There are 2 protein chains.
Amino acid sequence: MLVLAELVDGVRRFRELHRLIPGISQRMLTLTLRRLQRDGLVSRTAYATIPPQVEYALTELGHTLTGPMRVLADWATEHGAAFAEARRRWDAADGKTESIEAHPHRWPAPKSPSATGSGSR
Amino acid sequence: MLVLAELVDGVRRFRELHRLIPGISQRMLTLTLRRLQRDGLVSRTAYATIPPQVEYALTELGHTLTGPMRVLADWATEHGAAFAEARRRWDAADGKTESIEAHPHRWPAPKSPSATGSGSR
DNA sequence: CGGTATCCCATTGGATACTG
DNA sequence: CAGTATCCAATGGGATACCG
């Protein structure tokens with residue numbers, strides 16, 4: 001998906017993508033690009049020069065995804081902090097957030113079961 | 001993500017989710033729900049009845065994702081067919097789509113590109 | 001430059017059995 | 001009902017070496 005994001009700006013060469021996406025291995029970049037090609041989202045254009053030159057670009061279908069991707073990016077911008085904070089809190093408490101909805105039952109209830117919920121507050 | 005989609009409609013019990021999401025194992029459903037809880041997207045409420053009853057629901061943060069999810073679903077509705085068709089075509093040709101024009105020229109003078117992707121349209 | 005081929009370890013996830 | 005625990009096969013993906 002980061003690959004698609006980089007291609008939104010325009011045509012990119014292999015090396016360029018490799019540099020722009022931090023931490024990705026050459027192998028994974030290749031595999032990712034092949035899959036995106038297969039899905040019809042990205043086009044690959046090879047030039048028969050002696051240092052080979054290959055350009056990747058979004059296809060028309062690929063461009064239809066830029067809208068949805070921006071929506072997702074906007075969500076992350078707006079709620080990403082709350083998201084991370086929830087994780088931090090959960091990890092700190094290790095699932096010890098107490099909130100029990102004990103309901104009556106006619107059968108003998110053994111004890112108080114532990115309930116963990118993130119929404120109750 | 002399918003789990004979140006099912007929860008948009010309202011509160012669901014464990015069994016319900018297991019039934020509604022085809023092909024998911026009990027193990028994976030549990031792991032997925034725990035992760036969503038951890039991320040603050042889903043709340044879990046346990047009732048102390050003798051057949052245990054557990055309800056899952058979206059938290060407020062979880063509800064903020066319904067918009068983005070609908071956007072993605074709409075994209076799939078609109079372009080999913082083209083997507084699948086691209087795959088079918090690629091698999092049928094198995095990547096031997098038109099050979100590249102071999103002009104072993106010495107230094108960069110890009111001439112006739114050969115698109116192996118879905119670019120030329 | 002832009003890949004492919006190979007090795008190899010870590011993670012994922014299904015199947016199954018057991019529990020409160 | 002709603003899980004947890006364990007085993008194990010398949011897959012993912014990094015590191016490295018080599019090729020046109």
Side-chain angles (χ1 to χ4, degrees), chain A residues 1-3 6-7 11-38 42-57 94-95 99-103 105-117, chain B residues 1-3 6-7 11-38 42-57 94-97 99-111 113-117:
Chain A
M1 251 224 3
L2 295 171
V3 175
E6 293 301 338
L7 289 175
V11 171
R12 296 273 183 237
R13 296 183 56 176
F14 188 86
R15 272 268 155 169
E16 236 173 330
L17 290 171
H18 201 186
R19 176 173 46 79
L20 287 170
I21 302 171
I24 196 172
S25 63
Q26 184 172 344
R27 172 193 154 91
M28 277 317 292
L29 181 55
T30 302
L31 289 176
T32 302
L33 286 168
R34 289 290 173 277
R35 204 193 57 213
L36 292 172
Q37 253 186 288
R38 177 177 178 244
V42 161
S43 68
R44 175 182 186 271
T45 310
Y47 298 89
T49 54
I50 274 304
Q53 178 170 352
V54 179
E55 289 179 350
Y56 293 94
D94 195 41
S99 169
I100 301 180
E101 299 288 338
H103 259 222
H105 194 279
R106 34 192 181 190
W107 297 45
K111 274 201 175 186
S112 44
S114 314
T116 60
Chain B
M1 250 223 6
L2 294 171
V3 174
E6 294 299 339
L7 289 175
V11 172
R12 295 272 184 239
R13 296 183 55 180
F14 188 87
R15 270 268 155 165
E16 239 175 326
L17 290 171
H18 200 187
R19 177 173 45 79
L20 287 170
I21 302 172
I24 196 172
S25 64
Q26 184 173 350
R27 173 193 154 89
M28 277 318 291
L29 181 54
T30 301
L31 289 178
T32 301
L33 286 169
R34 289 291 172 278
R35 204 193 58 212
L36 292 172
Q37 253 187 286
R38 176 176 178 245
V42 161
S43 68
R44 175 183 187 270
T45 310
Y47 297 89
T49 56
I50 273 306
Q53 179 170 350
V54 179
E55 289 179 350
Y56 292 95
D94 195 41
K96 63 175 179 70
T97 358
S99 38
I100 304 176
E101 249 184 79
H103 273 304
H105 258 269
R106 270 282 162 176
W107 286 104
K111 284 199 169 176
S114 167
T116 58

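Chain identifiers are assigned alphabetically (A, B, ...) following the order of the sequence lines, protein sequences preceding nucleic acid strands; residue numbering begins at 1 within each chain. Bear in mind that the values here come from a model prediction, so they are computed numbers and not experimental data.
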Which listed nucleotide ([options]) is nearest to the side chain of [X]?
| X | options | answer |
| --- | --- | --- |
| B:V54 | D:dC1, C:dG13, D:dA2 | D:dA2 |
| A:F14 | D:dG14, C:dG2, D:dT4 | C:dG2 |
| B:R27 | C:dG13, D:dC1, C:dG2 | C:dG13 |

Without decimals, in angstroms, what is the distance between [X] [atom1] and [N] [atom2]?
| X | N | atom1 | atom2 | value |
| --- | --- | --- | --- | --- |
| B:M28 | C:dT16 | CE | C1' | 17 Å |
| B:R44 | D:dC1 | CZ | P | 16 Å |
| A:R12 | C:dG2 | CZ | P | 13 Å |
| A:L31 | D:dA15 | CG | P | 15 Å |
| A:L33 | C:dC1 | CG | C1' | 14 Å |
| B:L29 | D:dT4 | CG | P | 11 Å |
| B:Q53 | D:dA2 | CD | P | 7 Å |
| B:I21 | C:dG13 | CD1 | C1' | 16 Å |

Using only side-chain N and O atoms of [X], determine if any of them is under 4.0 Å from OP1 or OP2 of [N].
| X | N | answer |
| --- | --- | --- |
| B:R13 | D:dA2 | yes |
| A:S25 | D:dG14 | yes |
| B:R34 | D:dT4 | yes |
| B:R15 | D:dC1 | yes |

Check your understanding: Going by heavy atoms in the side chains, are B:L17 and B:L33 under 4.5 Å from each other?
Key -> yes
Review point. Which atoms form the tightest heavy-atom contact between B:R44 and B:V54, and what is the distance?
Key: CG-CG1, 3.7 Å
Review point. Do you know which two heavy atoms are closest between A:A57 and A:V11, and how far apart they sit?
Key: CB-CG2, 3.9 Å
**Study point:** Side chains of B:E55 and B:Y47, donor plus acceptor under 3.5 Å
**Key:** yes
Check your understanding: Taking for each residue the nucleotide of DNA chain D with the nearest heavy atom, is it A:P52 or A:I24 whose nucleotide lies nearer the 5' end?
Key -> A:I24
Check your understanding: Where do B:M28 and B:L31 land on the side chain to side chain contact (heavy atoms under 4.5 Å, CB included) test, with the steps shown first?
Key -> CA-CA 5 Å; B:M28 277 318 291; B:L31 289 178; 4.0 Å; yes
